[in-house]
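Encoded as structure tokens, the structure appears first; notes follow it.
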Amino acid sequence: MAMETTFSIIKPNAVKKNVIGAIIEKFEENGLKVAAAKLAVIPRAQCEEFYAEHKERPFFGELVDFMTSGPVMLMALHGENAITRNREIMGATNPAEAAEGTLRKLYGDSMGENAVHGSDSPASAERELKIFFTSSEMVNK
């Protein structure tokens, strides 16, 4: 199995619900370690860079508005097959379709406000981590 580091965000709606600890606990229970973490309000320009691949989609403005509406918990998660494992823990994008016990089923409010984000590939993880963390901020690997 491959040791990987992936990128994760606990989104504004989940931060507002005060479930940061519960979400991190779920990651840790499933073998992922927090390699970096910071609570922040994402500046609009940085958020637009992060979601650049969605710029032409009709939901882009609403997504950026939501993601900049309040604090988020930005994290690097490390472990065996961290990218796939994180995505399994998160569940389907739409909370209504997510499996019982997954983060999006537990804490998501809608397709757009689905509580958490996770990188979908090694290339995405590398790109996303570089947007929010410097190499010196990465520990616990």
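Nothing here was measured: the structure is a model prediction, and the numbers come from that model.
Take Asp120 and apply the salt bridge (charged side-chain N to carboxylate O under 4.0 Å, His left out) test, not counting sequence neighbours, and it matches no residue. Residues satisfying the side chain to side chain donor-acceptor pair (under 3.5 Å) criterion with Ser136, sequence neighbours excluded, are Thr134. The side-chain contact (heavy atoms from CB on, under 4.5 Å) search around Ala76 returns Thr5, Ala35, Ala36, Leu129, Met138, not counting sequence neighbours. Residues passing the side chain to side chain donor-acceptor pair (under 3.5 Å) test with Asn86, sequence neighbours excluded: none. In this structure, the side chain to side chain donor-acceptor pair (under 3.5 Å) partners of Glu128, at least two apart in sequence or on a different chain, are His117, Ser119. When the salt bridge (charged side-chain N to carboxylate O under 4.0 Å, His left out) test is applied to Glu126, the partners found at least two apart in sequence or on another chain are Lys130.
A donor-acceptor pair is defined here as one N or O able to donate and one able to accept, closer than 3.5 Å; such a pair exists between the side chain of Arg127 and the backbone of Phe50. In terms of modelled atom types and a separation under 3.5 Å, the side chain of Asn30 and the main chain of Phe27 share no donor-acceptor contact. The main-chain N or O of Glu4 is found under 3.5 Å from a side-chain atom of His78 such that the two form a donor-acceptor pair. Within the 3.5 Å criterion, the main-chain N or O of Gly79 finds no donor-acceptor partner in the side chain of Arg85.
When side chains are defined from C-beta on, Met90 does not count as touching Asn114, because their heavy atoms never get closer than 4.5 Å. Within the 4.5 Å cutoff, the side chain of Phe132 has heavy atoms near those of the Ile42 side chain. In this structure, Leu39 and Ile20 have side chains that are in contact, with non-hydrogen atoms separated by less than 4.5 Å. By the 4.5 Å heavy-atom criterion applied to side chains, Ser121 and Ile83 are not counted as neighbours.
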Could you list the donor-acceptor pairs under 3.5 angstrom formed between side-chain atoms of residues 53-66 and any protein atom two or more places apart in sequence or on another chain?
from: His54; atom 1: ND1; to: Arg57; atom 2: NH1; distance (Å): 3.1
from: Asp65; atom 1: OD1; to: Arg44; atom 2: NH1; distance (Å): 3.0
from: Asp65; atom 1: OD1; to: Arg44; atom 2: NH2; distance (Å): 2.9

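Remark: Met73 CE to Met75 CE distance equals 7.0 Å, nearest 0.5 Å.
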* **side chain to side chain contact (heavy atoms under 4.5 Å, CB included) evaluation trace for Ile23 with Val116** => CA-CA 9 Å; Ile23 290 172; Val116 288; 4.2 Å; yes
* Asked: Does the side chain to side chain contact (heavy atoms under 4.5 Å, CB included) test come out yes or no for Leu103 and Ile89, once each step is laid out?
  -> CA-CA 6 Å; Leu103 295 174; Ile89 296 164; 3.7 Å; yes
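Pairs passing the salt bridge (charged side-chain N to carboxylate O under 4.0 Å, His left out) check and including a residue from residues 16-29, sequence neighbours excluded, read Lys17-Asp109. Sorted by first and then second residue, the side-chain hydrogen bond (donor to acceptor under 3.5 Å, both in side chains) pairs with a member in residues 88-108 form an empty list; sequence neighbours excluded.
Across Leu74 and Ala40, no two heavy atoms sit closer than the pair CD1-CB, 4.1 Å. Between Ser8 and Leu77, the shortest heavy-atom contact is CB-CD1, 3.7 Å.
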